[in-house]
**Student:** 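One structure follows; several queries about it will come next.
Being a predicted model, the structure only gives us computed values, none of them experimental.
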Amino acid sequence: MRYQKPKGTADILPGASEKWQFVETTARELFKTYQYKEIRTPMFENFEVFSRTSGDTSDIVTKEMYDFKDKGDRHIALRPEGTAGVVRAFVENKLFGPEFNKPYKVYYMGPMFRYERPQSGRQREFHQVGVEAFGSDSPVLDVEVIAMAIAFFKKLGVSDLKLSLNTLGDKESRDAYRKALIDYLEPHFDELSEDSQVRLHKNPLRVLDSKDEKDQKFVADAPAILDYLTDEAKAHFEAVKMQLDQLNIDYVVDSTMVRGLDYYNHTIFEVMTQSKSLGHGYTTICAGGRYNGLVEELGGPEVSGVGFGLGLERLLLLLEDQEVAMMSDDALDVYVVGIGDAANQMTLPIVQAIREAGFSSDRDYLDRKPKGQFKTADRLNAKYTLTIGESELESQTANLKSMATGEEVSVSLTDVKQHFKETLEQNFNK
RNA sequence: GCGGUAUUGGUGAAGUUUGGUUAACACACCGGAUUGUGGUUCCGGCACGCAUGGGUUCGAGUCCCAUAUACCGCCCCA
């Protein structure tokens with residue numbers, strides 16, 4: 001095999017693409033009911049769009065960015081996530097302007113890229129669906145976004161959902177907490193894992209996220225962000241919880257939950273579920289939160305935002321594991337069998353006529369004998385076959401057969417070409 | 001970026017421990033079983049040769065090295 005796809009990429013072939021379409025269609029239908037509109041932004045951006053927004057210390061920037069210099073010596077990066085590009089577009093197109101409704105609500109779906117070691121459900125090119133809503137500080141909007149994420153999984157039939165909630169507060173809260181956390185961890189510096197020793201000063205919140213047992217015993221007794229919230233941040237969080245209650249959406253507050261990206265503040269959340277395909281216990285299938293300040297970071301006005309993102313590869317693994325039915329309607333209606341050279345000259349126009357009547361139709365292109373053609377029709381699961389041979393040509397008729405019942409009837413070619421639907425209904429009552 | 005395992009036809013794969021004629025078996029697919037009809041059965045066909053490139057050897061799918069890719073773990077995260 002001479003050529004192979006690049007490491008960490010995948011071909012999505014017929015058979016699988018239907019499942020992707022199912023998920024994407026479900027998302028579009030749902031988002032429409034929430035009045036979120038699709039936005040499509042470039043698959044690559046200037047490197048700085050991501051480095052500015054994700055935080056210089058985040059792994060995403062330091063080692064996972066798929067970046068390169070183009071022929072014009074521009075530093076380009078393939079998008080590692082969706083939010084930064086959407087925010088850039090929001091600012092560049094001045095979507096914060098008075099002529100646009102607020103909140104400005106969009107969704108996106110498409111490929112993202114991270115330069116990392118591939119593993120199950122984690123590739124270098126992967127796909128995300130995400131939503132963003134700009135221009136409102138209201139906690140009710142946070143909850144709409146959360147509710148939409150949950151509704152999406154419910155609509156797909158995912159069971160065993162769990163909503164994990166936390167707040168990172170505003171800048172003041174976060175600074176105070178950061179200091180408290182460092183003060184708490186510093187005395188145990190030597191006992192922390194190597195990774196966490198590095199994290200401690202660069203990004204102490206990430207220590208909370210450590211899976212290392214050594215760290216976890218400190219994390220358990222660490223001060224909680226909730227105790228360091230300003231009155232305003234606290235009020236926002238309380239309002240979010242109250243709104244969730246109103247919607248009867250269950251949640252658990254997890255004060256150790258943090259974010260890999262630096263731009264989040266206030267509400268952050270994760271939707272989790274259990275599945276063997278994704279690992280042990282509850283694993284995250286959707287993550288989101290509020291990012292006030294991000295728009296300013298990219299040169300826009302002070303406009304707040306909130307959104308979520310979810311990975312489609314992981315979602316599809318999950319749907320497969322939970323045996324969610326992802327049907328697609330691609331059955332073949334009519335297979336046209338031609339017998340003999342003369343007849344075979346005549347069948348394509350008939351196939352076309354049937355297609356124009358709104359039915360799916362196909363024929364043989366491999367010069368197969370009648371038996372082979374019927375075999376093919378059977379394998380394609382054709383509902384009907386339409387056979388034309390020399391005698392039919394002479395009488396300008398065709399033999400229409402129901403593959404399910406074996407029932408056959410002679411119909412006129414003119415009828416087939418001009419009123420196929422009616423011809424079918426009259427003869428097979430369907 | 002680090003570590004482990006793997007890589008034989010369209011598919012599942014045997015064979016690699018003990019290097020030595022024609023790469024097992026099965027499924028799928030194609031063709032045939034008296035002229036234009038789907039299933040079953042029967043018969044026949046189906047690996048430019050064992051990921052790629054080197055090396056060891058009289059001789060390698062079987063041993064060694066490098067590279068690529070996949071999977072798993074770490075890191076991180078969707």
**Student:** Distance between the C1' atoms of B/U67 and B/A28, in whole angstroms?
**Tutor:**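 Those two atoms are separated by 34 Å.
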**Student:** What's the closest nucleotide to the A/Q119 side chain, out of B/C74, B/G36, B/G38?
**Tutor:**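 Closest nucleotide among those given: B/C74.
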**Student:** Of A/T405 and A/Y115, whose nearest nucleotide on RNA chain B comes first from the 5' end?
**Tutor:**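 Its nearest nucleotide being more 5', the pick is A/Y115.
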**Student:** For a 4.5 angstrom cut-off between non-hydrogen side-chain atoms, does A/Y384 reach A/F428?
**Tutor:**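 Of all side-chain heavy-atom pairs linking A/F428 with A/Y384, at least one is under 4.5 Å.
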**Student:** By the 4.0 Å heavy-atom rule, please label A/R379 as base, sugar-phosphate, or nothing.
**Tutor:**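 If one applies the 4.0 Å heavy-atom cut-off, A/R379 turns out to touch the sugar-phosphate alone, with no base involved.
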**Student:** Return the nearest nucleotide to the side chain of A/K375; candidates are B/A78, B/C74, B/G39.
**Tutor:**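 Selected nucleotide (nearest to the side chain): B/G39.
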**Student:** Checking A/L165 against A/I146 for the side chain to side chain contact (heavy atoms under 4.5 Å, CB included) test, could you report, in this order, the C-alpha distance in whole Å, the side-chain angles of both residues, the deciding distance, and whether it holds?
**Tutor:** CA-CA 10 Å; A/L165 195 68; A/I146 293 172; 4.0 Å; yes
**Student:** Is the A/F420 ring parallel, tilted or perpendicular to the A/F359 ring (thresholds 30°, 60°)?
**Tutor:**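 Answer is perpendicular, since the angle exceeds 60°.
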**Student:** Can you check the A/R368 CZ to B/G38 C1' distance for me, whole Å?
**Tutor:**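 Rounding to the nearest Å, CZ of A/R368 and C1' of B/G38 are 13 Å apart.
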**Student:** In whole Å, what is the span from the CD atom of A/Q373 to the P atom of B/G36?
**Tutor:**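 For the pair A/Q373 CD and B/G36 P, the rounded distance is 11 Å.
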**Student:** Using whole Å, what does the distance between atom P of nucleotide B/G31 and atom NZ of A/K369 come to?
**Tutor:**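 Result: 9 Å.
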**Student:** Just checking A/E270: base, sugar-phosphate only, or nothing, at a heavy-atom cut-off of under 4.0 Å?
**Tutor:**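 Since no nucleic acid heavy atom lies under 4.0 Å of A/E270, the category is nothing.
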**Student:** Would you say that A/M112 contacts A/H127 through its side chain, given a criterion of any heavy-atom pair below 4.5 Å between the two side chains?
**Tutor:**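 The answer is no, as the side chains (C-beta and beyond) never meet within the 4.5 Å cut-off.
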**Student:** Is there a donor N/O on one and an acceptor N/O on the other, under 3.5 Å, for the side chain of A/K401 and the base of B/U37?
**Tutor:**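 When only heavy-atom distances are counted, A/K401 does reach the base of B/U37 through a donor-acceptor pair under 3.5 Å.
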**Student:** To the nearest angstrom, how far is A/R363 atom CZ from B/U37 atom P?
**Tutor:**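 It works out to 19 Å between those atoms.
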**Student:** Taking atom P in both B/U34 and B/C71, compute the distance separating them and give it to the nearest angstrom.
**Tutor:**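 To the nearest whole Å, 50 Å.
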**Student:** Would you kindly give the CE-to-P distance between A/M346 and B/G36, to the nearest whole Å?
**Tutor:**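 Value for this atom pair: 21 Å.
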**Student:** Reckon A/E408 touches a base, only the sugar-phosphate, or nothing at all at heavy-atom distances under 4.0 Å?
**Tutor:**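 It contacts base atoms.
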**Student:** Of the listed nucleotides (B/A78, B/G3, B/A68), which one gets closest to any side-chain atom of A/E116?
**Tutor:**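 The answer is B/A78, which lies nearest to the side chain.
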**Student:** Can you check whether A/N381 reaches A/L332 side chain to side chain, under 4.5 Å on heavy atoms?
**Tutor:**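 No; the side chains remain at least 4.5 Å from each other.
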**Student:** Starting at CZ of A/R124 and ending at P of B/C75, how long is that distance when rounded to a whole Å?
**Tutor:**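 Computing the A/R124:CZ to B/C75:P distance gives 19 Å.
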**Student:** So what does A/G406 hit on the nucleic acid, given a heavy-atom distance under 4.0 Å: a base, only sugar-phosphate, or nothing?
**Tutor:**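 Counting heavy atoms under 4.0 Å across all strands, the contact made by A/G406 includes a base.
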**Student:** Taking only the side-chain heavy atoms of A/D378 (C-beta and beyond), determine which of B/C30, B/G39, B/G36 contains the nearest atom.
**Tutor:**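 Of B/C30, B/G39, B/G36, B/G39 is nearest to the side chain of A/D378.
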**Student:** Could you work out the separation of B/A26 and B/A68 based on their P atoms and round it to a whole Å?
**Tutor:**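 Nearest-Å result for B/A26 against B/A68 at atom P: 39 Å.
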**Student:** Rounded off to whole Å, could you give me the CG-to-P distance for the A/D11 and B/A70 pair?
**Tutor:**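 Those two atoms, CG and P, are 11 Å apart.
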**Student:** Expressed as a whole number of Å, how far does the C1' atom of B/U11 sit from that of B/C74?
**Tutor:**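 The answer is 34 Å between these two C1' atoms.
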**Student:** Among B/G36, B/A33, B/A78, which is the nearest nucleotide to the side chain of A/T284?
**Tutor:**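 When the side chain of A/T284 is considered, B/A78 is the closest of B/G36, B/A33, B/A78.
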**Student:** Quick check: on RNA chain B, is the nucleotide nearest A/E313 upstream (toward 5') of the one nearest A/T9, or the reverse? Name the residue that is more 5'.
**Tutor:**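 Its nearest nucleotide being more 5', the pick is A/T9.
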**Student:** Applying side-chain hydrogen bond (donor to acceptor under 3.5 Å, both in side chains), which residue pairs with at least one partner in residues 387-396 of chain A are found, sequence neighbours left out?
**Tutor:**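 Found A/S395-A/T397.
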**Student:** Would you say the base of B/G36 and the side-chain of A/E392 have a donor-acceptor pair closer than 3.5 Å?
**Tutor:**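 It does, because a donor-acceptor pair links the side chain of A/E392 to the base of B/G36 below 3.5 Å.
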**Student:** Give me the distance, rounded to whole Å, that separates B/A70 from B/U8 when you measure between the C1' atoms they each carry.
**Tutor:**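 15 Å, rounded to whole Å.
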**Student:** Among A/T167, A/T267, A/N265, A/D142, which one satisfies side-chain hydrogen bond (donor to acceptor under 3.5 Å, both in side chains) with A/R290?
**Tutor:**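 Testing A/R290 for a side-chain hydrogen bond (donor to acceptor under 3.5 Å, both in side chains) against A/T167, A/T267, A/N265, A/D142 leaves exactly one candidate, A/D142.
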**Student:** In whole Å, measure the gap between the C1' atoms of B/G10 and B/G55 for me.
**Tutor:**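 Their C1' atoms lie roughly 33 Å apart.
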**Student:** Classify A/G338 by what it touches in the nucleic acid, base, sugar-phosphate, or nothing, heavy-atom distance under 4.0 Å.
**Tutor:**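 Here A/G338 touches no strand at all.
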**Student:** Under 3.5 Å, is there a donor-acceptor pair between the A/D321 and A/S275 side chains?
**Tutor:**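 A pair is found: one side chain offers a donor N or O, the other an acceptor, under 3.5 Å apart.
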**Student:** Closest to the A/K371 side chain: B/A78, B/G73, B/A33?
**Tutor:**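 Among B/A78, B/G73, B/A33, the one nearest the side chain of A/K371 is B/A33.
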**Student:** Name all stems that contain residues of RNA chain B, defined as runs of 3 or more consecutive Watson-Crick or G-U wobble pairs, both distances under 3.5 Å.
**Tutor:**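 Only these stems qualify: B:1-7 with B:68-74, B:10-12 with B:25-27, B:29-33 with B:41-45, B:51-55 with B:63-67.
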**Student:** Please report the distance separating the C1' of B/A47 from the corresponding atom of B/A14, rounded so that it comes out in whole Å.
**Tutor:**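 So the two C1' atoms sit 14 Å from each other.
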**Student:** Return yes if a side-chain donor-acceptor contact under 3.5 Å exists between A/Y107 and A/R28, otherwise no.
**Tutor:**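 Yes, a side-chain donor-acceptor pair sits under 3.5 Å.
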**Student:** Can a side-chain donor-acceptor contact be found between A/E144 and A/Y36 if the only test is distance below 3.5 angstrom?
**Tutor:**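 Distance-only check passes for A/Y36 and A/E144.
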**Student:** Looking only at side-chain atoms of A/T387, point me to the closest of B/C30, B/U37, B/A70.
**Tutor:**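 The nucleotide sitting nearest to the side chain is B/U37.
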**Student:** Determine the interatomic distance between P on B/U69 and the same-named atom on B/U52; round to the nearest Å.
**Tutor:**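 Result for the P pair: 15 Å, nearest Å.
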**Student:** Ignoring the backbone of A/R122, work out which of B/A78, B/G38, B/G1 is nearest its side chain.
**Tutor:**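 Within the option list, the nearest is B/A78.
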**Student:** For A/F374 and B/U37, give me the distance from atom CZ to atom C1', rounded to whole Å.
**Tutor:**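 My rounded result for the distance is 4 Å.
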**Student:** Hey, does A/L310 reach any base, or is it just sugar-phosphate, or nothing, if we go heavy atoms under 4.0 Å?
**Tutor:**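 Nothing: the residue A/L310, judged by heavy atoms under 4.0 Å, touches no strand.
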